[in-house]
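Throughout, residue positions are numbered sequentially from 1 according to the sequence presented. None of the values given here were measured: they were computed from a predicted structure.
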Amino acid sequence: MTGLLPDYDIIVIGAGHAGCEAACAAANLGSRTLLITLDMNKIAQMSCNPAIGGIAKGQIVREIDALGGMTGRVTDESSIQFRMLNRSKGPAMWSPRAQCDRMRFSENWRRVLENTDNLDMWQDDAVRLLVHDGQVAGVFTSLGVEFKARKIILTNGTFLNGLMHVGKVSFQGGRIAEPASFGISAQLEELGFEVGRMKTGTPVRIDGRSVDFSKLTEQGGDGDFHHFSYLDYTSVLKQRACYMAYTNEKVHDVLREGFSDSPLFNGTIQSIGPRYCPSIETKLNTFSERTSHHLFLEPEGENTTEFYLNGFSSSLPWDVQLRGLRLVEGFEQVRIFRPGYAIEYDYFPPTQLYHTLETKRIKGLYFAGQINGTTGYEEAAAQGLMAGINAHLSLCSDKEFVLQRDEAYIGVLIDDLVTKGVDEPYRMFTSRAEYRILLRQDNADSRLTPKGFELGLVKEDRYNIFIDKIKKRDLLVDFIRNYSVKPDEINDCLSRLESQPLKQGMKLVDVLTRPQLTIDSLLDALLPLKQFIEEHAIREEIVESAEILIKYSGYIDRERQLADKLQRLENLVIAGKFNYEELQNLSIEARQKLSKIQPRTIGQASRISGVSPADINVLLILMGR
């Protein structure tokens, strides 16, 4: 048997969103990579809602794309609706979201994997890691196959010891109709890792033929130039609408009848559930004063009649779910394909990781995705990308790739995980980022594409497209800063837009700072501006980027100065400098937390819960600062 199988550089276990990005990144950077999955027909499965993006999550997907990852491209090709959320707020809050064809999404991801050089796939269950002298050496599978590799990335999702619940019925599995994975959790616990349990859930799937859509509120897509990838990956699929419905007190009364059989309330489930994506029974219990809750009916694909009912995640008995649903207006005759269910699974507190996502206990072992206590496709994909990059870098150099909190939401995500840990499934929000004006969805390529090019994930042809975009953006900004507008040239337009007419000439940049004005709204009045944009072939995306820089330059500059000022703490490396237990001037809690987490820098230490400013001052003094 010797010689039948190659020795791999990197093995990725699990082909969910984290695993796919990890495998692609590692292989595209040049590492010989193996992706092991339980079912090659379920690659990048959208286990919960068939959508990518949303508040802060959309920014993460654009960052993945800017670095050379694939999620944004696959999403654009699979999209059946695109919307830019939060457009009524400032651009720091704008968040792209796409409804996808679930089956096309998985199919498109598989096509990407199968056409990636240096990447092999194997359908099997990895049941044991091969570990020698504190270093991974490979994996052993349920088929009795042994694969050798110097780096292993675990992206097991909800499959580690997965247990599902529908009312009083419980059964093992990692997803509905899919087996759980056993062995690795117990082995890691024996090796000294801390392991915990988390819970998530998914809603009922509805047969759209049984819904009276005339009683629901339709939500269509934007239909403009926005999409996820900075490259031109567009969907050819039929675009579809989503719909809003509402629960009522009769619905609530029926659902409450099932509380005694709910595993959430009868003690069957004792693991930690997501605060920001609660089940319908949790909503009724927590917000008992509410007489109604929003429900969002989302199509699962371009042509299917299957719909996902966002807002109705549940582990209540199936009959209780169905009886409650039929009291929702528009769902009086509803039929379902399957009920909602809850799932419990193992995770490993992420304070056991370095910022590279390599474990502190076992060299060469990386964790990415829900195994780290996160929730969401986007958070998982970002971790997979970073783990794949760092696993590759560690094979060929002593470099590591770590994004700072002022560089990317991905940097915020990973720093939160490894510094603060999690006490519930972690979900990204714009409020978690202290520099969100810098971390907009429109400028992810400006922030990260040069880094991706330096890594080798972004190829030269794509980098040239980026350079051309920045050149055209800056040309447009310079034109607007230098062009003088005369009153008779623009006042009629200003009056139509309910903006104060000009009394004298002024620079266009000063006119454009008015909140009710946009570049697009001034094009018909200012023909030189329109001609400049057309002559230089400046796309709508570039126009929007230039406009944001002009309108919000003061806020952007002020936040950049603040970030630069605080960056000095991130440059003060303390890793390996102190035995914290011996520093009696630190509080007891600080000594314990610093000893456990072993922060790399003063900046990271300052973000650890329980480490006070006084404790940071002690460390600064000891460093001669």
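Side-chain atoms of T374 never come within 3.5 Å of backbone atoms of N372 as a donor-acceptor pair (strictly under, hydrogens ignored). Side-chain N or O atoms of Q598 include none that pairs as donor or acceptor with a backbone N or O of A575 at under 3.5 Å.
Salt-bridge formation is not detected for the pair E407/R447: no Lys NZ or Arg NE/NH1/NH2 atom is positioned less than 4.0 Å from an Asp or Glu carboxylate oxygen. Taking 4.0 Å as the cut-off between side-chain N and carboxylate O, E547 and R473 do not count as a salt-bridged pair. With respect to D346 and R197, a salt bridge is recorded, a charged nitrogen being found less than 4.0 Å from a carboxylate O.
Counting heavy atoms from C-beta outward, F228 and D65 have side chains that stay 4.5 Å or more apart. Taking the side chain as every heavy atom from C-beta outward, T268 and S170 approach each other to under 4.5 Å.
Remark: R405 engages D415, D416, E434 in a side chain to side chain donor-acceptor pair (under 3.5 Å) (not counting sequence neighbours). Judged as a ring-ring contact (aromatic ring centres under 6.0 Å, His included), and not counting sequence neighbours, F401 has no contacts. Under the rule for a ring-ring contact (aromatic ring centres under 6.0 Å, His included), the partners of Y377 that lie at least two apart in sequence or sit in another chain are H17. Under the salt bridge (Lys or Arg N to Asp or Glu O under 4.0 Å) criterion, K593 pairs with E589, sequence neighbours left out. By the side chain to side chain donor-acceptor pair (under 3.5 Å) test, N585 pairs with no residue at all, sequence neighbours left out. Shown here are the ring-ring contact (aromatic ring centres under 6.0 Å, His included) partners of F348, two or more places apart in sequence or in another chain: F367.
Counted by atom type alone, E21 and T71 present one or more donor-acceptor pairs between their side chains at under 3.5 Å. Q59 and S95 are linked by a side-chain donor-acceptor pair at a separation below 3.5 angstrom, with hydrogens and angles left out of the test. Looking only at atom types and distance, the side chain of Q592 has no donor-acceptor partner in the side chain of S587 under 3.5 Å away. No side-chain donor-acceptor contact under 3.5 Å links T430 and R436.
With respect to L154, the side chain to side chain contact (heavy atoms under 4.5 Å, CB included) criterion is satisfied by exactly one of V139, I11, L160, L188: L188. Among the candidates Q370, R427, K57, the single residue satisfying the side-chain hydrogen bond (donor to acceptor under 3.5 Å, both in side chains) test with E379 is K57.
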